[in-house]
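Below is one structure. I have some questions about it.
Proteins come first, then strands; the chains are lettered A, B, ... in the order of their sequence lines, and each starts at number 1. All values below were derived from every heavy atom in this structure, side-chain atoms included, with hydrogens, water molecules and symmetry-related copies excluded.
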Protein chains: 2
Amino acid sequence: MKKRLRDLGEDALIARLLRGFPGGEKLIVGPGDDCAVVDPGRGPLRLLKTDAIVEGVHFLPETPSEKVGWKSVARVLSDFAAMGGVPEHLLVTVAVDPEKPVAWMDGLYRGIRKCLATYGGVLAGGETSRLPSGAMISVAGEGSVERKHLVLRSGGKPGDLVAVTGRLGGSIRGKHLNFAPRLAEASWLVRHLRPSAMMDLSDGLAKDLPRLAEASGCGFELGEVPATRGCTRAQALGDGEDYELLLTVSPRRWKAICPLWPKDFPPLSIVGKLLPRGQGTSLTGGWDHFSP
Amino acid sequence: MKKRLRDLGEDALIARLLRGFPGGEKLIVGPGDDCAVVDPGRGPLRLLKTDAIVEGVHFLPETPSEKVGWKSVARVLSDFAAMGGVPEHLLVTVAVDPEKPVAWMDGLYRGIRKCLATYGGVLAGGETSRLPSGAMISVAGEGSVERKHLVLRSGGKPGDLVAVTGRLGGSIRGKHLNFAPRLAEASWLVRHLRPSAMMDLSDGLAKDLPRLAEASGCGFELGEVPATRGCTRAQALGDGEDYELLLTVSPRRWKAICPLWPKDFPPLSIVGKLLPRGQGTSLTGGWDHFSP
């Protein structure tokens, strides 16, 4: 029987596809982190990211298109935040059924405009294409990060504490469409707490914490998780689309800096600890694009 | 009656959507040219581009996926060429029906890899997502161009000659899947001929020449066009997906430099002349994503 994409997990698929691609001199972080990182030789590092949302997968045909536009851009900004950086220039590609009302497209761009006006970033270009049905919005962009502020997924060490911003789970009730990318929080974190590793939570802690631990060559243990009101622990771990920050930090640094966490930020909570590789828990669940 | 996207042309739609987006300090060319251009303050300029191809629009379900991969990347490289630049880092987003065979995806990435190995450019990252049916490949990337080599669509002047590389029309017979992005030709052109304006031909000369003339604030007249063998003039003007370079140049420069055009390049032919605004021909036809 022919193997279908659904028979492979998303991570396995990506690993398979990327075999045999040479790196580049200036590409200091390639596929596998929240953004790619380019070193232009001097000044801040450049972050590159692309992300797409699809009708019927990430939003519904009846979702107000302004929220769709917001979400399409906010997801990319969340990835810049996860590296400790800020957005600069974005390109938006919209592939859409020509039968959609013009008002739908107007709403989409209103949402994009609002998100950029709120969080920064300049629309530099894009493209429109026909799609036989539905809609897909693909947003690519470049951001920048000061060299000393760059945080990767791979910097965690055994003994580091694992923390998350905000509360997890239940995003489907609305947050997945109007979440705030954690740019201000990330900027504070890289200046003060200096996380050893960081990423954004898009596929659920159950999927994303193992990814961070794996990238850092560690195991992990998991304690209590700050769940959204009304959500079970399983939902907090598995629902996905939280767009909160997941980070690791040395216990000493945590103790010194955590009391300074600004009161107007969402809560910052310890949820576990990194352990030497091979030790600790394993988790299942979370969102996978290609599994049944 | 509600207005549908198909009731607006693609150019009118884009103009409508982009109203109200602020520019950025470093963004020296925004939407409307083949690439956006960012000035980092020193050194080469940065080119940003995104482009997408869709199953059922730009390729068929039965098209070998290796050719689809090639095409998805070659289109973006053609846009870097059109600005006088070279590719640097690319991001590839694939949204695809999970029922596609894994071999389809392997072929796609083989095509991407081949195209990058042939023309330069580093795969820096990307994303995969489920699509309810079919496939869409969105490629975003950054390139670079020496300041003195940057060519825009808007630099043409009345009296400039209009030229194209290669032969036009009939791309659907195969060239649209295996065309060579004109990077070497563009590099030669910006060094020697120094075009006043340039773009790549993706929607057909009938659509793209008016765009270049409009951007340059000119009218134009059109003479003979080098058609692909077996193609009529109407096909050469309207078929689209030629991925040749369309450029303008002063008659004096043309006379001096044209004899040096390398013999192993495709032909370089004069097809017309820019005129003062309001004078000359108008053209209809060419490819529009949203018109019926």
Is it the case that the side chain of A/Glu127 and the backbone of B/Ala52 share a donor-acceptor pair, with hydrogens and angles ignored and the cut-off at 3.5 Å?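 Here the side-chain-to-backbone pair exists.
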
Choice from A/Glu88, A/Lys49, A/Arg42 maximising heavy atom contacts with chain B below 4.5 Å: A/Arg42

State, with a plain yes or no, whether a side-chain heavy atom of A/His89 is found less than 4.5 Å away from one of B/Lys26.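 In contact.
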
Would a 4.5 Å heavy-atom cut-off, applied to side chains only, mark B/Leu131 and A/Val57 as touching?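 Contact flag for B/Leu131/A/Val57 side chains = no.
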
Under the criterion salt bridge (charged side-chain N to carboxylate O under 4.0 Å, His left out), I'd like the reasoning laid out for A/Glu99 against B/Lys2: C-alpha separation, chi angles, the key distance, then a yes or no. CA-CA 10 Å; A/Glu99 295 303 322; B/Lys2 264 200 283 197; over 6 Å; no

Salt-bridge contact B/Arg46-A/Glu142 (side-chain N to carboxylate O under 4.0 Å):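 A salt bridge is present here (some side-chain N lies under 4.0 Å from a carboxylate O).
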
Less than 4.5 Å apart, any side-chain heavy atom of A/Val54 and any of B/Pro132?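 Yes. Closest side-chain heavy atoms under 4.5 Å.
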
Most chain B-contacting option - heavy-atom pairs closer than 4.5 Å, from A/Ile14, A/Val92, A/Asp106, A/Ile53: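 Winner by heavy-atom pair count: A/Asp106.
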
For chain A, which candidate among B/Ala103, B/Gly56, B/Ala124 shows the most heavy-atom pairs at distances under 4.5 Å? B/Ala124

Contact part of B/Val102 toward chain A, heavy-atom cut-off under 4.5 Å: side chain, backbone, both or neither?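 Both parts, backbone and side chain.
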
Pairs of heavy atoms under 4.5 Å with chain A: top-ranked of B/Val37, B/Val29, B/Leu27: B/Leu27

Between A/Asp33, A/Leu18, A/Ile112, A/Leu123, which shows the greatest number of heavy-atom pairs under 4.5 Å with chain B?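 Ranked by heavy-atom pairs under 4.5 Å with chain B, first place is A/Leu123.
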
Just how far is it from atom OG of A/Ser138 to atom CG of B/Leu91, taken to the nearest 0.5 Å? 9.5 Å

Backbone N/O of B/Arg19 and side chain of A/Arg113: donor-acceptor pair under 3.5 Å: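 Judged by distance alone, yes, a pair lies under 3.5 Å.
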
With side-chain contact (heavy atoms from CB on, under 4.5 Å) as the criterion, how do A/Asp51 and B/Thr93 come out once you've worked through the C-alpha distance, each side chain's angles and the decisive distance to 0.1 Å? CA-CA 7 Å; A/Asp51 185 79; B/Thr93 298; over 6 Å; no

Is B/Arg130 salt-bridged to A/Glu10, cutoff N-O under 4.0 Å? no

Per-residue contact mode, B/Glu55 against chain A (heavy atom under 4.5 angstrom):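 The backbone, not the side chain.
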
What part of B/Arg110 gets closer than 4.5 Å to chain A, counting heavy atoms only: side chain, backbone, both or neither?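 No part of it gets close to chain A.
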
Contacting region of B/Leu116 [heavy-atom separation from chain A under 4.5 Å]: side chain

A/Ser129 versus B/Met136: any side-chain heavy-atom pair under 4.5 Å? no

Could you grab the distance from atom OH of A/Tyr109 to atom CG of B/Leu17, nearest 0.5 Å is fine? 5.0 Å

So which residue, A/Ala95, A/Pro101, A/Ala140, ends up with the most heavy-atom pairs under 4.5 Å with chain B? A/Pro101

Relative to chain A, which segment of B/Leu108 carries a heavy atom at a distance below 4.5 Å: side chain, backbone, both, or neither?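 Contact with chain A is absent: no heavy atom of B/Leu108 under 4.5 Å.
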
